[in-house]
2 protein chains.
Amino acid sequence: MRDVAAVAGVGVKTVSRVLNGEPNVSDELRERVTRAAEALNYELNVYAGGLRRSGARTNAIGLMLESVDDAFSAAIHRGVETVMRRHSIIVLAQSFEEDADRERTVVKEFLRRRVDGLILTTVSRDQAYLSAEAARGTSIVFVDRPAVSVAFDSVVSCNYDGAVAATRHLLHHGHRRLAYVGGDHEIWTLRERERGFYAELDRWGVPRSDAIGLTGVLGEEGARMAVHGMLDGQDPPTAIFAAHNRMIIGTLRALHERGAQNDVALIGFDDVQLLDLLEPGVSVVAQDPHRLGELAAERLLARMARKPLELETLTVPTTLIERGSGEIPGPFAGEG
Amino acid sequence: MRDVAAVAGVGVKTVSRVLNGEPNVSDELRERVTRAAEALNYELNVYAGGLRRSGARTNAIGLMLESVDDAFSAAIHRGVETVMRRHSIIVLAQSFEEDADRERTVVKEFLRRRVDGLILTTVSRDQAYLSAEAARGTSIVFVDRPAVSVAFDSVVSCNYDGAVAATRHLLHHGHRRLAYVGGDHEIWTLRERERGFYAELDRWGVPRSDAIGLTGVLGEEGARMAVHGMLDGQDPPTAIFAAHNRMIIGTLRALHERGAQNDVALIGFDDVQLLDLLEPGVSVVAQDPHRLGELAAERLLARMARKPLELETLTVPTTLIERGSGEIPGPFAGEG
DNA sequence: GTGAAAGCGCTAACAA
DNA sequence: TTGTTAGCGCTTTCAC
């Protein structure tokens, strides 16, 4: 900046004024400064400015996601980016990979960079470590999974209701022997979906012991093997509820490998590209991750603006999409 | 930091030393400072430090992608993140959406944040605007698409060779009337693939005029409609080369909608989840976007370390994966 | 309308 | 081993 001032033959403060679009500069100097800055290819250093500026905003927020490479997380990311871009706020996105240690590291890194706010998907059972930071004034919003044991806003899918709808759909089509392919029990959303699954069984008077609950299954390959094992076992299920995107893919692989995709009903939680072109099409309870991201971003902006808001958990509804696999009739079709 | 120093009863420099893990601090003071920092929930301000520190690294790099929400881009992102994390460097990822104006804005924003390096996917025909920045010492690497008209390292897929392989595959299986579903001509990778497509036709003595070249097709829906139009027309092709991920999906939709997926051969460029479970499976020339990201990140690190390197374009090979759709025999099967 | 001086939070250089 | 001073690039304050 000193260089620009020297070239333009003005004081640094005038350069600062021009480059920040402040008033009270004559057109002539404004012109000279602009030209000098361009000639020197100079860009303002946002951090140096933020240091002195009162409030010291960095115009950056931290976004912690399961993985930037996961379709669901990436859609959240995009939703957040879209909203934040309108406010010239940059998004620092980091993957935490369902690792509680990594989660702490990522948050710490965000704080060292003095982000103005945080949007977090977490796996920790306890986010008390954030309370102190919040007290210091950092705004925090949780996305996809709510905060536990601490008071923060959250934006989540309607996991319980969606799971209920999926389960009811299978029961309604005549299935009574159901399997829940569930993944990691550490994850709040999956616990919710499992809860919805069993609650709906109860409502229909189907004994929980009649259902096969595959939890603790990890990843696509884990789901694939688990489904094979289950279908090879005694009294296999006639319908499967696959509780998230990787579980759906793994389940599908197993079904297709044994040519059972037209015999075993399947409904997934979370929509995945190309499911509609499979034979049969795969019915799902679709989420709207882009919307989750947008809402979380808007909520965070409101908090950053210090608007007086009630603590809230925003819930984004899910949509049941029938494509065929979920409508394969079960042995009790017509009765229920 | 002053607060920490006060609480610990030491000078600020001692706090700085402890928090930065520098030597020459007695165990006792180190302990006291650590405790005080924890009590106050204090984290170092990386930018304030970087301001004074010689070299003034921010330990951040900028990554510009088509969209953080695109599977191909997201895989690059993950590759970059994986490598950078090992060096405690944070990745600022931004979508530019094939918009040259937005591209400039994003780069400018990165520079205002004084990133240590840039990894860019660009659409501009001219990246001369970066030369001045490079001269100032910012390291830059291009990923997926090479720099044009400026001297930077690039990491790209073997687009031409992959397209040649795909085209040869279709010709080899007896097709002579081919269609190229190409997308945006502004994009270097797509021009390369088109070049490979026609070059291989030449090699086989198939007149270019016998091929149907759909370029300028935008997005999945554009591809879908274009393919419908083409197949409704006179003398429709017996095989299609879909030049990137969204073109594949759009083409597939059209084929499935008219029940032609077993009649018209299809080979795609870039692999997409679930293509193997479709009926027929979709053959593709797969790229390795994660590897692209890793290589770009490693190259950037080497540049940032001021290693003396030749200017280079690294090429990541593609893999032809046969899944059925590309092996549907054409009218000249057995002759080729 | 303009610029000089002080200071944001931190570290380099140096003194104790 | 420890603390003091200056200064990184900028903006605030305030004098002109």
Side-chain angles (χ1 to χ4, degrees), chain A residues 1-34 36-37 40-60 108-116 133 136-138, chain B residues 1-34 36-37 40-60 108-116 133 136-138:
Chain A
M1 182 147 158
R2 274 217 314 261
D3 298 341
V4 178
V7 169
V10 300
V12 284
K13 181 58 212 176
T14 301
V15 178
S16 170
R17 272 193 265 261
V18 173
L19 266 29
N20 284 291
E22 287 169 25
N24 299 327
V25 181
S26 68
D27 286 351
E28 194 220 323
L29 286 197
R30 191 174 292 278
E31 174 69 21
R32 255 160 60 193
V33 167
T34 309
L40 295 176
N41 222 268
Y42 174 78
E43 295 287 346
L44 277 172
N45 181 334
V46 294
Y47 299 120
L51 211 53
R52 185 64 175 89
R53 228 185 281 268
S54 55
R57 302 266 295 238
T58 52
N59 286 313
K108 211 169 234 175
E109 182 59 32
F110 286 151
L111 298 180
R112 294 161 70 100
R113 290 181 186 271
R114 298 296 187 270
V115 293
D116 300 328
E133 190 54 34
R136 253 216 272 171
T138 308
Chain B
M1 183 147 158
R2 276 217 313 262
D3 297 342
V4 178
V7 169
V10 301
V12 283
K13 182 59 208 177
T14 302
V15 177
S16 171
R17 272 193 265 263
V18 171
L19 265 31
N20 285 292
E22 286 170 26
N24 299 327
V25 181
S26 68
D27 286 351
E28 194 219 325
L29 285 197
R30 190 174 292 279
E31 174 70 20
R32 254 159 61 193
V33 168
T34 308
L40 294 176
N41 222 270
Y42 173 78
E43 294 287 347
L44 275 173
N45 181 334
V46 296
Y47 300 120
L51 211 53
R52 185 64 176 88
R53 228 186 281 269
S54 55
R57 303 266 295 238
T58 52
N59 286 314
K108 212 169 231 175
E109 183 59 33
F110 285 152
L111 297 180
R112 293 160 72 99
R113 292 182 186 269
R114 298 295 187 270
V115 293
D116 299 328
E133 191 53 35
R136 254 217 273 169
T138 308

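Remember, predicted model here, so these are calculated numbers, not experimental data. In the text below, chain A, chain B and the rest are named by the order of the sequence lines, each starting its count at 1.
- L19(B) and A37(B) make their closest contact through CD1-CB, 4.3 Å (heavy atoms, listed as atom of the first residue, atom of the second, distance).
- Rounded to whole Å, atom C1' of dG9(C) lies 15 Å from atom CG of L40(B).
- Of the residues near DNA chain D, L29(B) and R114(B), the one whose nearest nucleotide (by heavy atom distance) lies more toward the 5' end is L29(B).
- One interatomic measurement links the two molecules: CZ of R32(B) to C1' of dT1(D), which rounds to 13 Å at whole-angstrom precision.
- Side chain of L51(B), nearest nucleotide from dT11(C), dT2(D), dG9(D): dG9(D).
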All N/O contacts under 3.5 Å from nucleotides 13-16 of chain D to the protein, with atom names and distances to one decimal?
none

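- Annotation: salt bridge (charged side-chain N to carboxylate O under 4.0 Å, His left out) contacts of R32(A) (sequence neighbours excluded): E28(A).
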What's the verdict on side-chain contact (heavy atoms from CB on, under 4.5 Å) for E43(B) and R114(A), showing C-alpha distance, side-chain angles and the deciding distance? CA-CA 9 Å; E43(B) 294 287 347; R114(A) 298 296 187 270; 4.1 Å; yes
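- Going from atom CG of N45(B) over to atom P of dT11(C) covers 9 Å, rounded to whole Å.
- Scanning for salt bridge (charged side-chain N to carboxylate O under 4.0 Å, His left out) contacts around R17(A) gives an empty result, with sequence neighbours left out.
- By the side-chain contact (heavy atoms from CB on, under 4.5 Å) test, E109(A) pairs with R112(A), R113(A), I90(B), sequence neighbours left out.
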Begin with the C-alpha distance, continue with both residues' side-chain angles, and end with the deciding distance and a verdict on side-chain contact (heavy atoms from CB on, under 4.5 Å) for L51(B) and L51(A). CA-CA 10 Å; L51(B) 211 53; L51(A) 211 53; 3.3 Å; yes
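- Contacts between residues 20-28 of chain B and DNA chain D, counted as heavy-atom distances below 4.0 Å, involve N24(B), V25(B), S26(B).
- Under the side-chain hydrogen bond (donor to acceptor under 3.5 Å, both in side chains) criterion, E133(A) pairs with R136(A), T138(A), not counting sequence neighbours.
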Check step by step if side-chain contact (heavy atoms from CB on, under 4.5 Å) holds for T58(B) and V46(B). CA-CA 7 Å; T58(B) 52; V46(B) 296; over 6 Å; no
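- Atom CZ in R2(A) sits roughly 14 Å away from atom P in dT11(D) (whole-Å rounding).
- For F110(B), there are no ring pair (Phe, Tyr, Trp, His ring centres under 6.0 Å) partners at least two apart in sequence or on another chain.
- Rounded to a whole Å, the CZ atom of R30(B) is 10 Å from the P atom of dT1(D).
- Taking 4.0 angstrom as the limit, T14(A) places none of its side-chain polar atoms (N or O) nearer than this to OP1 or OP2 of dT2(C).
- Partners of E22(B) under the side-chain hydrogen bond (donor to acceptor under 3.5 Å, both in side chains) rule, at least two apart in sequence or in another chain, do not exist in this structure.
- Residues from residues 3-11 of chain A with heavy atoms under 4.0 angstrom of DNA chain D: there are none.
- Regarding R113(B), its CZ atom lies at a distance of 16 Å from the C1' atom of dG9(D), rounded to whole Å.
- Regarding M1(B), its CE atom lies at a distance of 8 Å from the C1' atom of dT11(C), rounded to whole Å.
- The CD atom of E43(A) sits 16 Å away from the P atom of dG9(D) (whole-angstrom rounding).
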Show me the donor-acceptor pairs, under 3.5 Å and distance only, between side chains in residues 7-16 of chain B and residues at least two apart or in other chains.
residue : atom : partner : partner atom : Å
S16(B)  : OG   : N20(B)  : ND2          : 3.4

